[in-house]
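Numbers restart at 1 for each chain; the letters A, B, ... are given by sequence-line order, proteins then strands.
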Amino acid sequence: MNDMNDKNEKIFSRRVVQWYLSTKRRSLPWTQNRSIYNVWISEIMLQQTRVSTVIPYYNRFVKRFPNVQSIVDSNMDEILYYWSGLGYYARARNIYETARRVVKDFKGVFPLDFQTISSFPGIGRSTAGAILSISENLSFPVLDGNVRRVLIRFFGLKGIKSQIEKELWSIVDRLVPKVDSRIFNQGMMDLGSEICLPLKSPICQDCPLEKDCFSRNMKLIKPESSIFHDRKNRYLKEKEVQLLILIKKDRFFLKKVLKGRIWRGLYIFPEFYSTDQLRLFLKKFDLIYPKDQIIKMKPILHSFSHIKLKIFPTKITIRKRNDQFSEHIKKHGIWYDMSGKQKIGIPKPIYSLMKEIINFSNSKKSF
DNA sequence: AAGTCGGGGCG
DNA sequence: CGCCCAGACTT
């Protein structure tokens with residue numbers, strides 16, 4: 001069975017499909033109404049993001065944006081508002097760009113062609129396959145982290161990354177059935193997440209593929225799938241940044257991130273890479289004044305996938321009028337009031353800082 | 001082929 | 001703290 005041939009492929013697929021249909025499946029928001037639009041949004045959100053994390057974001061997003069036209073009629077700030085906290089914000093930009101193309105080139109009707117949707121930003125081979133198989137039951141394979149792990153273990157694959165990757169695509173391409181590709185792909189992913197566990201040892205006695213699995217009943221010592229999308233020494237680089245938190249009547253001064261790759265399009269506190277830079281800025285806009293309250297807050301650690309960021313927040317509560325700074329704001333930033341009326345994207349650590357400050361000042365008031 | 005891109009959750 | 005998550009894109 002480990003040797004692939006026509007018959008064994010069919011047995012493999014049938015076992016996965018049977019297993020999927022025979023067990024109680026959790027119902028997910030995007031499988032209730034499997035419109036290609038819904039599945040597209042869900043698949044983009046699910047890239048490198050857990051199902052349980054995605055669910056509330058997905059529900060909010062499709063409620064506000066029920067179709068591609070509603071996305072095009074909105075703007076990037078509002079889309080990033082609904083994406084705030086999910087991470088990988090380029091995905092939100094990709095959704096906007098794709099929606100724009102679908103309206104412009106396809107009259108707002110999401111195309112069902114593999115090559116076409118693969119050409120949209122943020123949709124690679126696996127996501128294109130997931131969209132077309134889950135929404136339309138078209139026979140395309142999916143190769144995500146779960147499917148990878150199941151296949152690597154079942155066939156006992158090892159070697160260099162690029163070779164395995166090629167081999168895996170060749171395998172799923174032959175395994176995906178002509179009919180029931182939807183069930184098969186979802187079955188493979190669920191097998192990976194529920195049975196063929198990544199960290200804990202797999203529950204082989206519940207696996208429909210156990211009998212012929214190369215790695216059956218393996219004792220999991222070291223995870224093997226990390227070679228794919230996790231790098232070693234991921235926190236090698238450490239960076240420090242000064243954040244200036246300006247507060248005026250319960251409003252926070254936020255600047256839009258215009259360049260760079262991290263958090264582009266989102267709003268953050270003004271950042272400085274030295275205390276001197278920060279001081280210069282304060283002096284330039286005459287922000288240090290006896291009545292202004294200056295507090296150095298406790299540093300915060302924020303880990304990205306490749307950088308560990310140490311944030312040094314300086315909080316200044318402005319109690320005087322400052323016309324020079326007000327002019328500067330109109331051009332370069334906004335006063336944000338946390339009521340939710342201003343629909344903009346805000347990174348998690350920035351939002352957490354604001355919440356912490358508001359809660360602290362509220363708790364002080366109540367005493 | 002390797003690096004980049006967030007944030008959360010779990011052991 | 002290390003690893004993982006319905007990966008895609010750039011360099």
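Of all nucleotides listed (C:dC9, B:dG6, C:dA6), C:dA6 comes nearest to the side chain of A:Asp190. When each of C:dC3, C:dA6, C:dG7 is scored by its nearest atom to the side-chain atoms of A:Leu199, the top-ranked nucleotide is C:dC3. Across C:dA6, C:dC4, C:dG7, the shortest atom-to-atom separation from the side chain of A:Arg149 is found for C:dC4. Among the nucleotides B:dG7, B:dC5, C:dA8, the one closest to the side chain of A:Trp263 is B:dG7. The side chain of A:Leu46 lies closest to C:dA6 when the candidates are C:dC1, C:dA8, C:dA6. Listed nucleotides C:dG7, C:dC4, B:dG6 differ in distance to A:Pro198; the shortest reach to its side chain belongs to C:dC4. Relative to the side chain of A:Pro347, the nucleotides B:dG7, C:dA6, C:dC4 differ in distance, and B:dG7 lies closest. Relative to the side chain of A:Leu28, the nucleotides C:dC4, B:dC5, C:dA6 differ in distance, and C:dA6 lies closest. Distance from the side chain of A:Ser162 is smallest for B:dA1 among the nucleotides B:dA1, C:dC4, B:dG6. Checked against C:dA6, C:dC5, B:dG7, the side chain of A:Lys348 finds its nearest nucleotide in B:dG7.
Look at CG on A:Leu191: it is 13 Å from P on C:dA6, rounded to the nearest Å. Rounded to whole angstrom, the span from the NZ atom of A:Lys200 across to the C1' atom of C:dG2 amounts to 16 Å. At whole-Å resolution of the value, CG in A:Asn146 and P in C:dC3 are 18 Å apart. Atom CG of A:Leu197 is separated from atom P of C:dA6 by 12 Å (rounded to the nearest Å). In this entry the distance linking CD of A:Gln47 with P of C:dC4 reads 19 Å, nearest Å. For the pair A:Leu309 CG and B:dC5 P, the interatomic distance rounds to 12 Å; values are reported in whole Å. One atom, CZ of A:Arg25, and another, P of C:dA6, lie 13 Å apart when rounded to the nearest Å. One atom, CG of A:Asn38, and another, C1' of C:dA6, lie 16 Å apart when rounded to the nearest Å.
With DNA chain C read from its 5' end, the first of the two nearest nucleotides for A:Asn185 and A:Ile123 is the one closest to A:Asn185. Each of A:Ile160 and A:His302 has a nearest nucleotide on DNA chain B; the 5'-most of these lies closest to A:Ile160. Residue whose closest nucleotide on DNA chain C sits further toward the 5' end, between A:Phe120 and A:Arg26: A:Arg26.
To the nearest 0.5 Å, atoms CD1 (A:Ile71) and CD1 (A:Ile95) are separated by 6.0 Å.
Across B:dG6 and C:dC3, the matching C1' atoms stand 15 Å from one another, rounded to whole Å. Nucleotides B:dA1 and C:dC5, compared at atom P, are 22 Å apart to the nearest Å. Using atom P as the reference point in both B:dC10 and C:dA6, the two lie 13 Å apart (nearest Å).
If you check distances only, the side chain of A:Arg50 does reach the base of C:dC4 with a donor-acceptor pair under 3.5 Å.
No option in A:Tyr58, A:Tyr57, A:Phe65 other than A:Phe65 meets the ring pair (Phe, Tyr, Trp, His ring centres under 6.0 Å) test with A:Phe61. Exactly one of A:Phe272, A:Tyr273, A:Phe269 qualifies for a ring pair (Phe, Tyr, Trp, His ring centres under 6.0 Å) with A:Phe281. That residue is A:Phe272.
Between A:Arg93 and A:Arg264 the shortest side-chain heavy-atom distance falls below 4.5 Å.
Both tests do not hold together for A:Arg91 against A:Trp40: distance to the six-membered ring centre under 6.0 Å, angle to the ring axis within 45°.
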